[in-house]
Each structure stands twice: as structure tokens, then as C-alpha cells.
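Take a look at the structure below.
Ligands are counted one by one from 1 in listed order, and the atoms in each one are counted from 1 as well.
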Amino acid sequence: MIKHLLSMDQLSADQITHVLDTAEQLRSVTDRPIKKLPTLRGRTVCNLFYEASTRTRISFELAAKRLSADVINFSADSKSSVAKGESFKDTAWTLEAMGVDAIIVRHGSSGAPHQLARWVKASVLNAGDGSHEHPTQALLDLFSIRQHFKDFEALKVAIVGDILHSRVARSNVKGLVTMGADVTLVGPPTLIPAQATRWGATISHDLDSVIGDADICYLLRVQKERQNEQLFPSLREYAALWGLDSRRQARMKPDSLVMHPGPMNRGVEISADVSESPRSIILDQVANGLAVRMSLLYLMLGGDRPDSTETVRELTEQLV
Ligand code: CP
């Protein structure tokens with residue numbers, strides 16, 4: 001298995017399938033009264049978050065704890081020495097000196113996890129870097145899709161909204177295209193980057209012409225915090241043209257699904273009733289994030305070593 005997970009570019013279809021299959025086996029642990037495995041006992045995992053997060057930070061913390069690792073949570077806020085001007089590099093070396101085995105990093109700058117991986121000996125997992133990538137989100141999304149559709153090659157996925165600022169879109173397109181899915185990026189011309197034509201996806205600006213054919217409508221959050229200029233006339237117009245409401249959802253195929261990485265702007269990219277409809281798997285995505293992140297920590301921190309005598313199935317039969 002790879003040492004660092006920085007981008008979905010690193011993973012072949014076989015490697016993605018291995019991560020998802022391992023997650024499937026580890027998921028059974030979460031249904032037990034005692035939800036812990038001894039695999040990472042004695043290892044230390046650090047959550048290094050320079051940007052806000054609820055889902056990713058908590059599920060990485062829980063995943064590491066379920067595998068018996070020690071967990072350090074570091075937020076670059078007023079309580080850390082980042083507030084006194086300590087650099088990213090000095091922070092990285094400080095963590096390294098404390099002997100961490102893995103650093104989960106979220107940073108507002110694209111490429112920050114790549115830089116970190118050059119500075120430290122620990123494994124680095126990208127938990128979202130600027131508008132670049134969010135590979136663990138893509139893996140949990142692929143896991144969630146696979147629970148409903150066994151064949152990615154027959155799948156039509158519409159990824160809708162603010163593609164320009166979305167690390168989730170970039171990682172998902174790479175993952176879905178690698179697995180053979182047919183991806184259409186939908187949004188206003190100002191929110192689809194020019195280079196998206198080279199990503200292996202089709203581009204559309206008309207959700208109504210795409211929605212009836214999609215097996216999955218994957219909505220993206222409008223990232224108001226990353227927009228320095230007015231890229232569409234108003235949120236009201238955005239919702240009317242590119243939002244998924246119950247009227248538009250009624251035109252989707254009967255077995256189609258609605259996905260969103262969260263957090264949602266209800267009433268903008270997705271209406272409240274659609275987000276809570278039977279076809280929405282948004283909370284399944286959150287739940288599956290735990291199993292997928294357990295799988296990555298297990299595979300990357302040594303549970304899958306060639307000299308390991310335990311299979312993941314034998315491992316899940318153990319209790320702490
Ligand atoms: N989907 C996602 O990355 O959510 P958080 O920002 O809450 O981690």
C-alpha cells in the first residue's frame with residue numbers, strides 16, 4: 001500500500017477496490033457492542049487541521065481510536081503556537097519530534113500535504129487541501145455508491161455546482177473515471193474551470209438536460225468563503241438553475257441517488273426535503289467515512305504488511 005495518500009491520482013482501480021473491500025470488512029466492527037480492534041496499539045495519529053471540519057476530523061479521530069491508536073488533535077487556532085507565528089514547517093517538525101506515525105492534514109493551501117510529506121517521515125493523509133483534492137471523501141463516496149450499484153462502468157454520475165472551488169469534485173472525478181463511471185460536470189460557466197475539459201468528464205451548463213439520465217446527482221456546496229468575486233447573479237438564481245428541489249428530483253430515475261459531501265447550504269444547492277428524501281444517502285456517506293478511514297489507517301500503518309500473519313477478517317474477529 002502507498003505510504004502517503006495525497007491525491008486520487010495515486011490509486012489504481014485495483015487499489016481503490018482493495019481499500020473499499022477492507023472497509024467493508026472493518027465496517028462490521030462498528031455494529032458490535034465493543035467497537036475496538038488492537039491493530040494500531042502503540043501507534044500515534046495526529047489530526048493537523050488548519051481549516052474547519054466536522055465530518056473528516058471526527059471520523060479520522062474515531063477511526064484511529066477504533067484501531068487502538070493514540071490520537072492527538074491539533075487545530076491551528078488561537079490556542080496553538082500558530083497564533084504566535086509558528087510556521088507550517090516548524091509545526092510539522094515539532095510533531096515529528098514527538099514521534100507521530102501518521103499526520104492527517106487539512107490546509108487552505110493546495111499542495112500543503114505534498115509539502116508536509118517531504119518534511120516528515122510519518123505517513124501523510126490529505127484531509128482536504130485548498131481547492132485541490134479531498135481523496136478520503138472520494139473513497140467514502142465510492143464506497144457509498146458501491147453499496148447500491150455494483151457496476152461502476154454502467155453508472156452515470158452528475159456532479160453539480162461549484163466545481164471551480166471544489167476539492168471534492170476533483171477527487172471524485174478522478175476516482176469515478178478510474179473506476180469506469182461516466183461523469184458529467186454541471187454548473188454555471190463561471191464555476192467550471194477551463195481545464196475541466198481534460199478531466200475525462202463531460203461538461204454541461206444545463207441541469208435539466210442531464211438530470212433525467214443520471215443514476216447519481218452529486219451536489220456540491222456553494223463555497224461562498226472561497227469566492228472573491230460575484231460568480232453568479234444571486235443565490236436565488238443559482239438555486240433555480242442548479243439546485244436540486246423536489247420538482248427536479250421527480251424527473252430522476254426511480255433507483256437514482258442524491259449525494260452531498262456536507263456541510264450543506266439547504267435551499268441553495270439542495271432543498272431540505274430532497275436532502276431528507278429516501279433517495280438521499282447523505283448520512284450514509286458520513287457513516288461510511290468511518291469505515292473507509294479505518295481501512296486507510298489499517299492499510300497504510302502496517303496492518304497490511306507482507307509479514308503480517310493476520311488477515312483483516314481474522315483481525316475483525318478480535319476484541320480489545
Ligand atoms: N465533507 C467534509 O469534508 O466535511 P467537513 O468539512 O465537515 O470535514
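Looking at R106, R221, R55 and measuring to atom 4 (O) of ligand 1, the nearest heavy atom belongs to R55.
When ring centroids are compared, F49 and H107 stay outside the 6.0 Å threshold. Remark: aromatic rings of W242 and F232 are distant, center separation not under 6.0 Å.
For the pair R57 and ligand 1, the shortest N or O to N or O distance does not fall below 3.5 Å.
Looking at heavy atoms from C-beta onward, V82 lies in side-chain contact with Y50 at the 4.5 angstrom threshold.
Set against the non-hydrogen atoms of T54, the atoms of ligand 1 under 4.0 Å away are 5 (P), 7 (O), 8 (O). Residue contact check: T56 has heavy atoms under 4.0 Å from atoms 2 (C), 3 (O), 4 (O), 5 (P), 8 (O) of ligand 1. In the vicinity of P261, heavy-atom distances shorter than 4.0 Å reach the ligand 1 atoms 1 (N).
The closest approach between any non-hydrogen atom of G262 and ligand 1 is below 4.0 Å.
Ring-plane geometry between W119 and F88 is classed as perpendicular, the angle between the planes exceeding 60 degrees on a 0 to 90 degree scale with a lower cut at 30.
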N/O donor to acceptor pairs below 3.5 angstrom from side-chain atoms of residues 95-106, sequence neighbours left out:
unit_1, atom_1, unit_2, atom_2, d
E96, OE1, K121, N, 3.3
E96, OE2, K121, N, 2.5
D101, OD2, T44, N, 2.7
R106, NE, A127, O, 2.9
R106, NH1, A52, O, 2.8
R106, NH2, T56, OG1, 3.1
R106, NH2, A127, O, 3.1
R106, NH2, H134, NE2, 3.2

